[in-house]
Amino acid sequence: MTTRTFFGALCALLVVACGSGPVITGPLATPTPPAATATTGPSPSPADTPLRVVGLGDSYMSAQNAKGESFMDLYAAALESKIGRPVELALVASGDMTSAKLKERLATNDSTRASVANADVVVISVGGNDADPFGIYPHGTCAPMQPLPACLEAYSPTLAGNYEAILTAISDLRAGKPTAVRVTSMDDPFVGMPEAPSATFARDFFAQVVEAQTQAVFAIAERHGAKRVDYLHVFSGADGLSDPAQYLAPDHSHPGELGIQVIADLLDELGIPELGSI
């Protein structure tokens with residue numbers, strides 16, 4: 001059975017701030033003990049050795065379906081069924097997580113660093129909180145005709161550098177061990193959202209924001225050998241301008257039943273070829 005471990009505060013939908021400190025409650029953050037000088041029984045077989053999965057993200061990752069399952073829970077269960085081994089899942093996910101905060105945790109937080117150092121699979125889904133979509137930006141910022149790099153520079157100028165640091169930190173912590181790293185796209189809830197500032201807010205502004213962010217993090221992922229999970233163009237269509245309501249919770253901001261399942265399926269479809277025969 002999949003084991004889920006929580007670090008820090010795992011937030012529910014629409015929670016702005018989470019608990020103040022990490023809590024180590026499971027085996028992923030436990031340092032490997034020194035080799036015993038004597039054995040009292042047979043060594044565990046490969047089939048008994050758990051596959052360790054870590055999710056690093058914000059409230060999109062911690063969103064839950066009616067059964068209390070996130071897309072990481074569904075993904076871990078699918079992996080366990082496919083490989084015939086136990087899977088241990090640890091989530092470092094909170095409603096206020098940004099790429100800057102995740103970069104800092106990977107640099108300074110012992111529990112997060114130990115969790116990643118021991119992980120076979122790492123999924124990253126963060127960046128949606130990096131800037132305020134309702135902020136005041138110069139005229140023409142992220143307008144349909146503005147180049148996406150210029151949009152990104154104006155809207156969230158530190159996102160790319162933070163992702164570069166995040167993926168570098170994961171590589172350093174894993175120290176050359178085979179690792180399946182997955183990076184998700186961003187999301188656009190504003191098409192069809194009743195609370196959007198205007199009926200054309202997504203088309204005129206935010207569609208360019210999420211395209212710019214997604215293209216940037218996907219390019220960095222590719223350079224680091226990480227695989228990409230593009231749910232943006234499933235939820236919002238190939239042009240990014242379809243109403244994603246069927247995939248979202250009633251708040252029209254976080255994944256609902258179908259969206260959670262779709263993201264889990266997209267992760268599962270990638271397999272884990274980096275880990276070879278396990």
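In this text, all values refer to a predicted model and were calculated from it rather than measured experimentally.
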Give a yes or no on whether L270 and L79 share a hydrophobic cluster (residues Ile, Leu, Val, Met, Phe, Trp, Tyr; joining criterion: side-chain heavy atoms under 4.5 Å apart).
yes

Could you check if a side-chain atom of S62 sits within less than 4.5 angstrom of a side-chain atom of D58, using non-hydrogen atoms only?
no

Can you say whether the rings of F206 and F190 are parallel (under 30°), tilted (30 to 60°) or perpendicular (over 60°)?
perpendicular

Where A165 and K103 come nearest, the two heavy atoms and their spacing
CB-CD, 3.4 Å

Gap separating the OG atom of S156 from the CE atom of M186, nearest 0.5 angstrom:
7.5 Å

Sub-3.5 Å donor-acceptor pair from the side chain of R174 to the main-chain atoms of A119, do we have one?
yes

Which of V229, T184, L102 passes side-chain contact (heavy atoms from CB on, under 4.5 Å) with I124? Answer is L102

In terms of hydrophobic clustering (I, L, V, M, F, W, Y; side-chain heavy atoms under 4.5 Å; direct or indirect links), are L148 and F201 co-clustered?
no

Residue pairs involving residues 176-186 (criterion salt bridge (Lys or Arg N to Asp or Glu O under 4.0 Å); sequence neighbours excluded):
R182-E274

Within the 4.5 Å heavy-atom criterion, are V121 and L275 side-chain neighbours or not?
yes

At what distance, to the nearest 0.5 angstrom, does OG1 of T49 lie from CD of E88?
10.0 Å

For the backbone of A207 and the side chain of R203, can you confirm whether one donor and one acceptor N or O come within less than 3.5 Å of each other?
no

List the steps, then state whether side chain to side chain contact (heavy atoms under 4.5 Å, CB included) holds for M145 with Q208.
CA-CA 9 Å; M145 298 306 294; Q208 286 68 244; over 6 Å; no

From OG1 (T200) to CG (L241), nearest 0.5 Å:
11.0 Å

Could you give the distance from OH (Y163) to NE2 (H224), rounded to the nearest 0.5 Å?
12.0 Å

Strictly distance-based, threshold 3.5 Å: is any side-chain N or O of E69 a donor or acceptor partner for the main-chain N or O of L74?
no

Report yes if the side chains of I272 and L51 come closer than 4.5 Å at any heavy-atom pair, otherwise no.
yes

Taking every non-hydrogen atom, the tightest pair across D187 and S253:
OD2-O, 4.0 Å

The reported gap from OG in S236 to CG in L248 (rounded to nearest 0.5 angstrom) is 8.0 Å

From D172 CG over to L167 CG, what is the distance, rounded to the nearest 0.5 angstrom?
11.0 Å

Run Y247 and I263 through side chain to side chain contact (heavy atoms under 4.5 Å, CB included) and show every step you take.
CA-CA 10 Å; Y247 299 99; I263 299 173; over 6 Å; no

Which pairs, with at least one residue in residues 128-145 and sequence neighbours excluded, count as a side-chain hydrogen bond (donor to acceptor under 3.5 Å, both in side chains)?
S99-D130

Test side chain to side chain contact (heavy atoms under 4.5 Å, CB included) applied to V92 and M97, step by step
CA-CA 9 Å; V92 182; M97 187 71 81; 4.2 Å; yes

Main-chain N/O of R52 paired to D120 side chain as donor or acceptor, under 3.5 Å:
yes

Hey, would you say the F71 and Y231 ring centroids sit under 6.0 Å apart?
no

Is Y60 linked to V191 within one hydrophobic cluster, defined over Ile, Leu, Val, Met, Phe, Trp and Tyr using a side-chain heavy-atom separation of less than 4.5 Å?
no

In short, salt bridge (Lys or Arg N to Asp or Glu O under 4.0 Å) pairs touching residues 214-233 with sequence neighbours left out are E164-R223, E222-R228

Can you confirm whether D73 sits close enough to S70 that some side-chain heavy atom of one is under 4.5 Å from a side-chain heavy atom of the other?
yes

Pair S59, H254: side-chain N/O donor-acceptor within cut-off below 3.5 Å
yes

How close do A238 and H233 get, heavy atom to heavy atom, and via which atoms?
O-CD2, 3.4 Å

Decide yes or no on side chain to side chain contact (heavy atoms under 4.5 Å, CB included) for K101 and V126, but give the supporting numbers first.
CA-CA 10 Å; K101 289 181 179 180; V126 72; over 6 Å; no

Taking all heavy atoms of A202 and all of D188, pick out the closest pair and write down the distance.
CB-OD2, 3.8 Å

Using modelled atom types and a 3.5 Å cut-off, is there a donor and acceptor pairing between side-chain atoms of E257 and backbone atoms of A66?
yes

Under a 4.5 Å cut-off applied to non-hydrogen side-chain atoms, are Y155 and P133 in contact?
yes

Between D268 and K82, is the closest basic N to carboxylate O distance under 4.0 Å?
yes

Nearest heavy-atom contact between V183 and A226 is CG2-CB, 4.2 Å

Please check this pair: side chain of E80 against backbone of A76, looking for a donor-acceptor N/O pair closer than 3.5 Å.
no

Closer than 3.5 angstrom, by distance alone: can the side chain of Y75 be matched with the main-chain N or O of L266 as a donor-acceptor pair?
no

Do side-chain atoms of T179 reach the backbone of V181 as a donor and acceptor pair under 3.5 angstrom?
no

Any idea which heavy atoms bring S125 and M61 closest together, and the distance?
CB-CE, 3.9 Å

